[in-house]
K.L.:
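Could you have a look at this structure, given as structure tokens, before my questions?
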Amino acid sequence: MVNLLLSQRNVGFFHLLFIHIFLKGQDLDGVLPPSLAKLPYLKTIDLTRNYLTGTIPPEWASTRLKFLSITVNKLSGPIPSYLGNITTLVYMSIENNLFSGIVPPELGSLVNLENLILGANNLTGELPKSLTNLTKLMELRISSNNFTGRIPDFFQSWKQLQKLEIQASGLEGPIPSSISVLSSLTELRISDLLGEGSEFPSLSNMTGMKRLMLRSCNLSGPIPAFISEMTQLQILDLSFNRLEGKVPDFEGLAYLQNMFLTSNLLTGPIPDWIKSRDSSYQIDLSYSNFSESSAPPTCRETLNLFDSFSGQDNLTLGGECLRTYPCSKDRYSLHINCGGSATTIGNIEYEGDQNQAGPAKFVPNTASWGFSSSGNFWDVNSNSDQYIANNVSILRMNNSELFTSARLSPLSLTYYAQCLANGNYTVKLYFAEIVFRDNKSFYSLGRRMFDVYIQEKLELKDFDIENAAQGVDKAVVREFKAIVSNKVLQIRFHWAGKGTTAAPERGTYGPLISAISVESDFSPPNDDKKIFIIVGAVVSAILVIFMILGFLMWKIYIGGRISREKELRGLDLQTGFFTYRQIKAATDNFDAANKIGEGGFGSVYKGILLDGTIIAVKKLSSKSNQGNREFVNEIGMISALQHPNLVRLYGCCVEGNQLFLVYEYMENNSLARALFGPDEYRLELDWATRQKICIGIARGLAFLHEESTLRIVHRDIKTTSVLLDTDLNPKISDFGLAKLDEEENTHISTRVAGTIGYMAPEYALWGYLTYKADVYSFGVVALEIVVGKNNMKYRPNENYVCLLDSAFVLNQKGNLMELVDSKLGSKFNEEAVRMIKVALLCANSSPALRPTMSAVVNMLEGRTVVHELITDPSIYGEELRFKALTHPFDMVNEADSLIQSLDST
């Protein structure tokens, strides 16, 4: 396609014949080419399932398209209003992208539109009234967005509608009564409405209905009998409402294959017509209040009656629907490998869970646990394989056996455990996203979101495994506390209509759970005296062995420790030497309440010495004996470095395999917490304070690079390695530790020790390290200080990778003031812009073009002018080459611009 578009001037009028362009599922990246607007007879553009970014080009507004589908891509920004100019459009789908903002009123000009599909984006606001102009509309889908207000009463204008889908759209109920005019509807899907409820809407005119879903709509009252007049009905889903009374007689609905009435207030007997249906019909009546006397004598796999009967003290668990297994003894734990085979992790046996499940299935897996599966995957042909997911790549996490498969559900999945002793339990849920990918492919464009309930208490809302684990094929474990009071524990996973349903293919959505662990928080009683005696004997024997070994180790250890302590004291450190006993006492035996941080070099604890001095203790990993001696030597040299903007090192401790550094305590923790931390820790830093912090960091680095007797490259300057004292003076921590952390005999330039987002490119890519790497990192930190945002977490839109990227672009446009933190006001604009320009100088991609830190101090203090930013052309040349190889659509646009410029000359 790229070659074709670039050569259109050389093929005469051949390109005029193009009418349809189908490039579905090709994983094309780059942006949509404006050049397509030059094909005057083009009627169809179908780019479904690719990896396109940017937005729809304004040039396309001049086309006479009839069909436009960019479903499942990565397009972003607001929906362009100029789409309203393509008045020839009959079909438009922008489903499963990242479009945001409101639906532009200009879409009301598409008077020929029959299909409008806007689902699975981030659209907000109210639907514009101009959409009532779309009188030919036959299909409207707006699910999984963030619209506001009630469902608009536009139905009088859409009388030709055949398909209407409003699932988890953000809109509120009730369903307008005017929906009754849509007599042509064959598919109605409304779910997860916010706001007020209502009685069942009047749908009696919709006799041609084939698929009806009114799920989680706060509906009350009886199920209306007029549904029996919908003779073509195939699927009926009225789950999770407050419908009451008896189930109407739907025996005449010959095509009704799936009926989901789970979680309502239905009463009375289970109708005979339901009990007489064969196994080809999927019917879910779980979580209801039917009379026990109406239970069928035998159960079929496609009739789910889990927890369906009134007057039950326990769950319905047996093969005959009402038979309950008696609890011969209490249980205190349960471990399930969801969707997978039995496996052993450590000393814990996870039970297998490989039943294929189905749309309406209750599975009493054992006498002590089982699951209930409810719901079918819409828009795909249902089969049993859809309810278990298997990984499609090599898993590298620990205990990967638990994550090679997982159980799926299109709606609701409940695991239950019975016969548990009453009391408090710890529940661990194991997740890993093994369906989506993380490559530049439409396989990475799915968004899975679901809710988790434990004992019907909502514990996780809109849970996204990929976000929680920070990637696919990565494990994430969530831990909860639960109370068992009737010997039963229920864990329910529920899809509330959010996320995507079409990536990488239709029917990809719903809860995904890899494993479940349940452990009591109390010890089970033990009345067996024989076991007690045996255990006592074993423990006694072990104690004797440990005493013997301890005595031998004591002789070896004490001699070595005494010589090592003598060696340490003989070094004549300028700082103190601390014993392990002192460190333990000061930190209250490393109490978790005293833990104040976790860094790349180890945990940090707050401590108080006997004289009342508050200290910070950094616990490091152990080294060899040779490593310990080098450690002490290096600490002796580092401790000699003192500067107002360096954290003071009081001393160290080396005993056995214990290595500690003892620093002065910094009352206001790190700069990162002050700028980006949780609200309760974030500080209101005015401009004077931010300027003081920035200049202080620069002075500290200038001292390390140029003024100290021991020249040090920090290697990991970032906001977490800058600490703040009581007066918010900045002090650099961890200087010199990167070298200590290297393996023995490793050259300084062969091991990268830094943090993504702060590392200089020459260091991250080639391991080339000079003090200019610190200058780059300082530039990022300085930019974060003035903007008040984290470099890696700030992405104003899909066109930017990070804060630094945005700053370079705005600098070229002369709009740097857009970056300044709005909390600072406009009084210090000139100084703020100067700091940003200095930051960009420091973050130049070429180390040779970065200033020294002493020059940075002078520029920040206004003693010298800020030099103009210069970029290294060789680096950007490489970027352009990479772009040509990986973003062909971008190159189409650039080639087209070049052709236009040649034409003009």
Side-chain angles (χ1 to χ4, degrees), residues 61 65-69 78-95 99 101-121 123-196 198-214 217 226 230:
L65 288 174
K66 287 189 175 182
F67 184 102
L68 172 62
S69 176
I79 299 176
S81 59
Y82 45 76
L83 287 180
N85 294 335
I86 315 177
T87 55
T88 51
L89 271 178
V90 174
Y91 182 101
M92 183 172 76
S93 175
I94 62 170
E95 180 186 2
F99 288 110
I102 65 170
V103 175
E106 287 80 1
L107 295 191
S109 300
L110 304 178
V111 293
N112 292 302
L113 204 61
E114 296 179 359
N115 307 79
L116 179 59
I117 305 172
L118 307 177
N121 283 285
L123 302 175
T124 57
E126 298 184 353
L127 292 178
K129 193 171 183 179
S130 61
L131 294 185
T132 57
N133 297 331
L134 308 182
T135 56
K136 296 182 179 180
L137 210 56
M138 300 173 66
E139 178 182 23
L140 176 65
R141 301 185 188 271
I142 58 173
S143 298
S144 189
N145 279 291
N146 300 303
F147 294 119
T148 55
R150 292 189 173 188
I151 297 178
D153 196 356
F154 294 168
F155 299 127
Q156 292 285 351
S157 302
W158 296 339
K159 292 182 180 180
Q160 296 190 49
L161 264 183
Q162 297 178 10
K163 297 179 179 180
L164 176 62
E165 179 187 305
I166 310 176
Q167 288 191 247
S169 62
L171 294 174
E172 300 179 1
I175 300 171
S177 59
S178 62
I179 197 171
S180 61
V181 304
L182 304 181
S183 57
S184 299
L185 273 183
T186 60
E187 179 179 310
L188 175 61
R189 290 155 64 175
I190 302 178
S191 79
D192 302 281
L193 288 181
L194 305 175
E196 300 178 17
S198 66
E199 293 190 349
F200 208 98
S202 177
L203 309 179
S204 57
N205 292 332
M206 304 173 190
T207 54
M209 185 72 71
K210 295 181 179 179
R211 308 206 297 176
L212 174 60
M213 173 201 291
L214 296 176
C217 292
F226 62 67
M230 299 177 180

K.L.:
Of all heavy-atom pairs between G119 and N145, which one has the smallest distance, and what is that distance?
P.N.:
CA-ND2, 3.9 Å
K.L.:
I151 and P176: which non-hydrogen atoms are nearest, and at how many Å?
P.N.:
O-CG, 3.5 Å
K.L.:
In Å and rounded to the nearest 0.5 Å, what is the OG to CG distance from S183 to N205?
P.N.:
6.0 Å
K.L.:
Would you compute the distance between atom CD of E139 and atom CG of L116 and round it to the nearest 0.5 angstrom?
P.N.:
9.0 Å
K.L.:
Closest heavy-atom contact between L140 and L161?
P.N.:
N-CD2, 4.0 Å
K.L.:
Please work out which of the three classes, parallel, tilted or perpendicular, describes the rings of Y91 and F67, given edges at 30° and 60°.
P.N.:
parallel
K.L.:
How about E165 and S143: does a side-chain donor come under 3.5 Å of a side-chain acceptor?
P.N.:
yes
K.L.:
Return the minimal non-hydrogen interatomic distance between L134 and L107, and the atom names on each side.
P.N.:
CD2-O, 3.5 Å
K.L.:
Using a 3.5 Å distance criterion without hydrogens, assess whether the side chain of T88 forms a donor-acceptor pair with backbone atoms of L65.
P.N.:
yes
K.L.:
About how many Å separate CG of L193 and OG of S169, when rounded to the nearest 0.5 Å?
P.N.:
6.5 Å
K.L.:
Flag the pair Q160 / E114 as yes when at least one side-chain heavy-atom distance between them is below 4.5 Å, and no otherwise.
P.N.:
no
K.L.:
Passes side-chain contact (heavy atoms from CB on, under 4.5 Å), L123 versus I142? Steps please.
P.N.:
CA-CA 9 Å; L123 302 175; I142 58 173; over 6 Å; no
K.L.:
Could you check if a side-chain atom of I94 sits within less than 4.5 angstrom of a side-chain atom of L118, using non-hydrogen atoms only?
P.N.:
yes
K.L.:
Which pair of non-hydrogen atoms, one from V181 and one from F155, has the smallest distance, and what is that distance?
P.N.:
CG2-O, 3.6 Å
K.L.:
Could you tell me the separation between the CG atom of L182 and the CD atom of Q162, rounded to the nearest 0.5 Å?
P.N.:
11.0 Å
K.L.:
Pick one: which of E172, E196, E126 meets salt bridge (charged side-chain N to carboxylate O under 4.0 Å, His left out) with R150?
P.N.:
E196
K.L.:
Got a second to check how far S130's OG is from L110's CG, nearest 0.5 Å?
P.N.:
9.5 Å
K.L.:
Are L188 and L214 close enough that some pair of their side-chain heavy atoms sits under 4.5 Å apart?
P.N.:
yes
K.L.:
Are I86 and M92 side-chain neighbours, meaning at least one heavy-atom pair lies under 4.5 Å?
P.N.:
no
K.L.:
Find the distance between OG1 (T148) and CG (L127) and round it off to the nearest 0.5 Å.
P.N.:
8.5 Å
K.L.:
With L185 as reference, evaluate K163, K210, M206 under the side chain to side chain contact (heavy atoms under 4.5 Å, CB included) test and give the passing residue.
P.N.:
M206
K.L.:
Considering non-hydrogen atoms only, spot the tightest contact between Q156 and S178 and give its length.
P.N.:
NE2-CB, 4.3 Å
K.L.:
Is there a side-chain contact between L131 and P152 in this structure, where contact means two heavy atoms from C-beta onward sitting under 4.5 Å apart?
P.N.:
no
